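Being a predicted model, the structure only gives us computed values, none of them experimental. Heavy atoms only: backbone and side chains are in, while hydrogens, waters and symmetry mates are out.
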Amino acid sequence: MSTIAFLGAGRMAGAIVDGLLAAGSYRTDQLICLGGTGKSAQELAQRTGIALAESLDSLLATADALVLACKPQQLASLDTSLAERTKDRLVLSVLAGKRLNRLQKVFPLARNLVRTMPNTPGQIGAGVTGWCSLLPLGPKDLTLVGEILSALGKDVQVAENQLDALTAVSGSGPAYVFEFAAALRDAGVAAGLSPAEAHMLSVETILGAAKLMVRSAQSPEELRNQVTSPNGTTFAGLKVLEAGGFRALLRDTVAAAKRRSEELSQDT
């Protein structure tokens, strides 16, 4: 029986395990994890019922795929025997900033390598993950990657040279939304609402607007226009955003995040 092995057992590994089990894609005896010196792997195994490996040998004994979910800085210190142990296996990495050519140096005998960039809503199955592979995926591995990433939400395949831009939009994007929610909340308080009222209104407004965009075939601009009456309240607010360079500011925000992603992705 083939299994999916998890090297590292933090939040993202836990989210994938939870999603796979919830979907019924895999049973607990088909998933196994191994952590570092902490207790995260033990806690994940106890919480979900998946197997806890005692060594790399037991982790990969029947594994068809390895999900690399340790901390990015730990890649350089991984056991060198992993090169041989992952021979002919699929290796899927969730390590931020680690390019395929860097992963290939650690896993030179893997049958294929997949680099992914998930985002934090993946912790509740509502994320979006960008990914690319070293070689074109065959039907079996395409299904396998789809199963793993669907546990986090939606996924999109991109060229590796697009991953820095994707990171700046969807990887960092939740933080921009959280900051917008906090700013809208604070503006509501300044306008006379209580903090609790302003928080609820800002969060539910963002949630409702996002759901409407998902269900509608119209563009964000078209939906915006439906809310905006000539010389009305929304029009007055939007004019302030326009005068403040809202879109240009967000464009600069994404550009800065992309530049930093490119810097962090450089091989050392």
Side-chain angles (χ1 to χ4, degrees), residues 3-17 19-20 31-36 40-41 44 53 56 59-60 63-120 122-123 127-138 140-167 170-172 261-262 264-268:
T3 63
I4 297 178
F6 293 82
L7 185 57
R11 291 179 180 178
M12 205 54 67
I16 295 173
V17 170
L20 290 173
L31 305 174
I32 186 170
C33 65
L34 178 67
S40 60
L44 178 60
L56 288 175
L59 178 72
L60 295 166
D64 186 47
L66 173 67
V67 175
L68 187 62
C70 57
K71 295 179 181 178
Q73 61 267 29
Q74 294 176 318
L75 180 65
S77 59
L78 291 180
D79 193 316
T80 56
S81 68
L82 275 169
E84 181 62 35
R85 285 188 167 105
T86 53
K87 182 179 180 180
D88 297 327
R89 290 174 169 82
L90 177 73
V91 175
L92 184 147
S93 168
V94 299
L95 307 189
K98 298 304 178 183
R99 299 188 185 222
L100 288 170
N101 59 5
R102 179 70 182 89
L103 294 170
Q104 190 176 26
K105 294 176 182 177
V106 182
F107 306 100
L109 304 178
R111 72 170 181 262
N112 211 337
L113 296 167
V114 176
R115 177 187 172 192
T116 71
M117 182 62 226
N119 63 2
T120 54
Q123 296 175 33
V128 59
T129 302
W131 64 274
C132 60
S133 59
L134 182 66
L135 303 170
L137 292 174
K140 175 185 174 182
D141 282 344
L142 191 61
T143 298
L144 180 55
V145 169
E147 289 173 339
I148 294 172
L149 297 185
S150 66
L152 299 174
K154 298 184 181 297
D155 68 90
V156 57
Q157 183 179 9
V158 297
E160 187 170 26
N161 61 12
Q162 294 178 297
L163 267 185
D164 292 314
L166 182 143
T167 297
S170 63
S172 300
S261 178
E262 291 168 343
L264 293 173
S265 297
Q266 297 301 314
D267 286 338
T268 56

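The salt bridge (charged side-chain N to carboxylate O under 4.0 Å, His left out) pairs that include a residue from residues 145-156 number zero, where partners must be two or more places apart or lie in different chains.
To the nearest 0.5 angstrom, Asp88 atom CG is 8.0 Å from Leu109 atom CG. To the nearest 0.5 Å, atoms CD1 (Ile32) and CZ (Phe6) are separated by 11.0 Å. One distance of note links CG of Leu78 with CG of Leu7; it measures 6.0 Å at 0.5 Å rounding.
Here the side chain of Arg115 pairs no donor or acceptor atom with the backbone of Cys132 at under 3.5 angstrom. Between the side chain of Asn119 and the backbone N or O of Gly127, no donor-acceptor pair lies under 3.5 Å. Judged by distance alone, the side chain of Ser93 and the main-chain N or O of Leu95 form a donor-acceptor pair under 3.5 Å.
Looking at heavy atoms from C-beta onward, Leu56 lies in side-chain contact with Ser81 at the 4.5 angstrom threshold. Side chains of Arg99 and Gln266 form a contact here, defined as non-hydrogen atoms less than 4.5 Å apart. Two residues are said to be in side-chain contact when any heavy atoms from C-beta on lie closer than 4.5 Å; Val145 and Ile148 fail this criterion. Using a 4.5 Å heavy-atom cutoff, the side chains of Val156 and Leu166 are in contact. In this structure, the side chains of Lys140 and Leu90 stay at 4.5 Å or more apart for every pair of heavy atoms.
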| request: In sequence, state the C-alpha distance, the side-chain angles, and the governing distance for Trp131 and Leu137, and then conclude on side chain to side chain contact (heavy atoms under 4.5 Å, CB included). | output: CA-CA 12 Å; Trp131 64 274; Leu137 292 174; 3.4 Å; yes
| message | Using side chain to side chain contact (heavy atoms under 4.5 Å, CB included), reason through Val106 and Lys98 one step at a time and then give a plain yes or no. | response | CA-CA 11 Å; Val106 182; Lys98 298 304 178 183; over 6 Å; no
| message | Using side chain to side chain contact (heavy atoms under 4.5 Å, CB included), reason through Lys87 and Leu60 one step at a time and then give a plain yes or no. | response | CA-CA 10 Å; Lys87 182 179 180 180; Leu60 295 166; over 6 Å; no
| Passes side chain to side chain contact (heavy atoms under 4.5 Å, CB included), Thr120 versus Arg11? Steps please. | CA-CA 9 Å; Thr120 54; Arg11 291 179 180 178; over 6 Å; no
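The two atoms that bring Arg89 and Ala63 nearest to each other are NE-O, 2.8 Å, heavy atoms only. Across Asn112 and Ser133, no two heavy atoms sit closer than the pair OD1-CB, 4.3 Å.
By the side-chain hydrogen bond (donor to acceptor under 3.5 Å, both in side chains) test, Ser40 pairs with no residue at all, sequence neighbours left out.
With Leu68 as reference, Leu75 is the one residue of Thr86, Leu92, Leu75 to meet the side-chain contact (heavy atoms from CB on, under 4.5 Å) rule. Across Leu144, Leu66, Asp64, a single residue satisfies side-chain contact (heavy atoms from CB on, under 4.5 Å) together with Ile4, and that is Leu144.
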